[in-house]
Asks: 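Before I ask anything, here is the structure I am working with.
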Amino acid sequence: MDLLKQWLQRIAGALVITSALALTPTADAAGLLVADGGLGGVLEIKEHDVKVSINNGIAVTHVTQVFLNKEQRQVEALYTFPVPKNASVANFSMWINGKEMVGEVLEKKRAREIYDSYKAVRRDPGLLEQKDYRTFEMRIFPIAAGAEQKVQISYYQELESDHDWNTYVYPLATSTRAEADTRVTGKFAISFDLKSAVPIKALESPSHGSDLVFARHSETYQQASLEVNGGSLAKDVVLSAHLVRPTTGLDLVTSARQGEDGFFALTFSAGEDLAASDEGMDYVFVLDTSGSMRDAGKLLLSKDCVNAFVAELGEKDRFEVMTFNVSPALAFNGIRNASAENKHAGMAWLNDARAAGGTVLEPALSTAYKYATADRPLNVIILSDGLTEQSERAKLLRLISQRPGNTKVFCVGVGNDVNRPLLEQVAQDSGGLAAFMSRSDDAQRQASAFRRKLLRPVAEALQIDFGGLQVTDIEPRQIPNLYHGAPVRIYGRYRGSGEGTVKIRGSVDGVAWEQTAALQFPAQDARNPEVERMWASKRIDGLLKESDRSGSREAAIPEIVRLGEGFSIVTEYTSFLVLENDAEYQRWKIDRTNVARLTRDRTAQASRNQQLEAIRSKAALDLGPQPVVLAQAAARAPVVQQSSATQSPEPTPRQSLDLGFGSRRGGGGGGGGGGSGPVGPLFAIVSVLAAWSQRRK
């Protein structure tokens, strides 16, 4: 009976804390932890602080929370939160006896065994695991009666770039449990530092409007912040940056330590260089109406998205609207012209749809393929949370490879609780794109941007040859198509250093092109250590997708574990473990790999913060009246040479130029000189590189 009583007490003391992470560009992926009473326990959020540093399209998010155990007994805490899109969880820390203890990543089974061994003797371990493709679980034991517990999670991710907008979403709207309490009793604060080589025209928040305070320090550096005491955390925080122009060209960011192979991130961007196509296209909108779409208003958001997309169609376009759960249903049972009357009829039919049943995407996709014709492009646009049966996944991916010619599949993930890996893989394998919509974002703006992508020419069959430079492990292995407003990011490793002669090949509107340019790959670069984790995260993602195509992950698991442990990344096969002190790590023979990596990351971030502080200080000097005496003194003051670590006001140097190009069809017209015709945006890349090379010489 005593054992049964102890077991029941431990079950009653389990606390569940829910979190939501997601990025649409975002960023998606915010590391929110939301308190939930769970199985009888009471855990209160005293403080929730989020710091986001966005540097040229890469966001680093630190989420720090303080929880108070209001029970009169010792408890184990369980945190659950969705995996953020395109994010790599880089650290899990707990404060034990007032000291931050940094976690280390181990093979999942071993980490769990070590954690459980400490629970038996009531010592202080913490464990962060990836439960499935979308959910993390973080366990902390013990939290004493009436005690506080401070935790921090950090992660890196790419922002989604759409036309001349970059959007970050901190998704507070998702809870992994319906009964979660989304209130915070103490302070909730989120702050943003946004630095961009492309001038920032404006910042705005579609979700919180004037509740966010904005500060403009220069044309390339702005801040935003939100702080409240108490209240609900049930609404996503969305921040959008409007750039002066879309970036056209190529950007290179590197990270390298002396004597070791380096890492790089290479970004291709195409902007407003070519005139929009005036040819009509066919669209089939495929809306998921399965039972899972009832949750968190996903079906209503999907209907709003389809309405916005259909409203954007031109007179020469044609469309069909389809819903599906276990079987498809059609609005017209045939393609219709995008007239005002047909648009209204399609949306009226769609508005009657209700969420019920399972999710089987294969019959819907097969039906959509029937609308393909040889003389018009077909765009199949799927709006879904992607929560299809696992057994359907391999069949679905095979179906994607068998799509008709002239057909591309685009996926729009709706809400924060979505199967992002599946939707991304479906879109990637079909030459399309995947996008993700928050309930707090602007559906009309997203639809307009999506439409613009499809009206510009696509650079297809991209290939890159780095010449004599030894480059390995490029991710993704198959380079995606380049769309207007949707940069292609490539990660890889390089051996040695020096200038690499890069040859770029591809086709635009069926016209082949080939150009060469020179890039510098340094032997040492400590400014961007986050590139290393981003590469490893992409590598792991590539291994998982390749395994899922073949139907088995067994062969890939050892490499995934090696990468997870070496680069401190939580996966379905590795976990973060926090122990009480350094001696305990030594006892289990656990290398402090993450401590060393986190130290480098924090050093680079501190250097960037110093540079941003200098920009803020300069902006403050320009405020208010400028006394003549002070102005004269400033003019006479000697110029102070800064150290090499801080002399550049640009935290991450990158090459970016404004280039104008003529019309794609019909020659002249359009602002600016430069190349014209279908190779315009890719000629821009070469022009950027050539100008850069000349200046360096």
Side-chain angles (χ1 to χ4, degrees), residues 1-19 31-49 63-81 91-104 106 108-129 131 135-153 175-177 179-186 570 575-585 587-588 590:
M1 291 296 293
D2 289 340
L3 288 175
L4 177 61
K5 183 178 180 180
Q6 292 177 10
W7 182 79
L8 290 173
Q9 286 177 339
R10 291 184 67 183
I11 291 295
L15 302 177
V16 180
I17 298 173
T18 324
S19 152
L32 166 69
L33 300 173
V34 180
D36 172 14
L39 302 174
V42 178
L43 195 64
E44 176 184 292
I45 305 177
K46 289 195 64 178
E47 184 174 329
H48 181 154
D49 185 71
V63 183
T64 305
Q65 287 190 291
V66 178
F67 300 94
L68 173 64
N69 176 17
K70 302 191 74 173
E71 294 291 309
Q72 297 304 309
R73 62 180 184 272
Q74 174 179 276
V75 298
E76 176 184 14
L78 169 67
Y79 310 118
T80 67
F81 54 98
N91 186 51
F92 167 38
S93 291
M94 290 171 49
W95 272 254
I96 301 174
N97 298 323
K99 179 183 177 182
E100 181 187 11
M101 289 307 300
V102 176
E104 294 292 344
L106 304 177
K108 189 172 189 175
K109 183 179 178 181
R110 185 187 178 211
R112 171 59 75 125
E113 289 173 348
I114 294 174
Y115 174 83
D116 288 340
S117 74
Y118 280 99
K119 282 179 59 179
V121 294
R122 297 183 179 273
R123 297 280 293 280
D124 282 319
L127 182 70
L128 190 150
E129 300 176 308
K131 182 180 178 182
T135 306
F136 283 151
E137 288 189 348
M138 181 166 64
R139 298 176 182 273
I140 294 178
F141 180 84
I143 301 180
E148 293 183 358
Q149 179 62 63
K150 181 178 179 181
V151 298
Q152 183 181 87
I153 294 176
S175 172
T176 56
R177 299 206 175 200
E179 70 274 17
D181 182 0
T182 60
R183 293 167 297 175
V184 58
T185 59
V570 176
S575 303
F576 254 117
L577 179 70
V578 177
L579 299 182
E580 189 173 5
N581 52 52
D582 290 331
E584 294 302 305
Y585 286 101
R587 183 166 78 88
W588 291 98
I590 299 173

Asks: Enter the distance from Leu106:CG to Ile114:CD1 here, rounded to the nearest 0.5 Å.
Replies: 5.5 Å
Asks: With sequence neighbours excluded, tell me which residues meet salt bridge (charged side-chain N to carboxylate O under 4.0 Å, His left out) with Asp582.
Replies: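 Arg592.
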Asks: Could you list the residues that satisfy salt bridge (charged side-chain N to carboxylate O under 4.0 Å, His left out) with Arg587, not counting sequence neighbours?
Replies: Glu584
Asks: Quick one: side-chain hydrogen bond (donor to acceptor under 3.5 Å, both in side chains) partners of Ser93, sequence neighbours excluded?
Replies: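 Here the qualifying residues are Asn91, Glu100.
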Asks: Looking at Asn69 and Ala147, would you say the former's side chain and the latter's main chain have a donor-acceptor pair under 3.5 Å?
Replies: no
Asks: Only counting residues at least two apart or in another chain, list the ones meeting side-chain hydrogen bond (donor to acceptor under 3.5 Å, both in side chains) with Trp95.
Replies: none
Asks: Of all heavy-atom pairs between Ser575 and Glu129, which one has the smallest distance, and what is that distance?
Replies: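 Nearest heavy atoms, Ser575 then Glu129: OG-CG, 3.4 Å.
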Asks: Between Leu579 and Tyr118, which heavy-atom pair has the shortest distance, and what is it?
Replies: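 For Leu579 and Tyr118, the tightest heavy-atom pair comes out as CD2-CE1, 3.5 Å.
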Asks: Going by the rule side-chain hydrogen bond (donor to acceptor under 3.5 Å, both in side chains), which residues pair with Arg110 if we only count those two or more places apart in sequence or in a different chain?
Replies: none
Asks: Rounded to the nearest 0.5 Å, how far apart are NZ of Lys46 and NZ of Lys70?
Replies: 10.0 Å
Asks: Taking all non-hydrogen atoms of both residues, which atom of Gly146 and which atom of Leu68 are closest, and how far apart?
Replies: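 That would be O-CD1, 3.4 Å.
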Asks: Where is the tightest heavy-atom contact between Glu580 and Met101, given as atom of each residue plus distance?
Replies: O-CG, 3.5 Å
Asks: Any chance you could measure Gln152, atom CD, to Met94, atom CE, to the nearest 0.5 Å?
Replies: 13.0 Å
Asks: Can you list everything that forms a side-chain hydrogen bond (donor to acceptor under 3.5 Å, both in side chains) with Tyr585? Sequence neighbours excluded, please.
Replies: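 None.
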Asks: Quick check: do Val578 and Val151 have side-chain heavy atoms less than 4.5 Å from each other?
Replies: no
Asks: Please round to the nearest 0.5 Å and tell me the distance separating atom OG1 of Thr64 and atom CD of Glu47.
Replies: 8.0 Å
Asks: Who passes salt bridge (charged side-chain N to carboxylate O under 4.0 Å, His left out) against Glu113, sequence neighbours left out?
Replies: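 Result, salt bridge (charged side-chain N to carboxylate O under 4.0 Å, His left out) vs Glu113: none returned.
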Asks: I need the Ile143 CD1 to Phe67 CZ distance, nearest 0.5 Å.
Replies: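 Nearest 0.5 Å value for the CD1-CZ distance: 8.5 Å.
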Asks: Does the side chain of Leu577 reach to within under 4.5 Å of the side chain of Arg112, using non-hydrogen atoms?
Replies: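 Not in contact.
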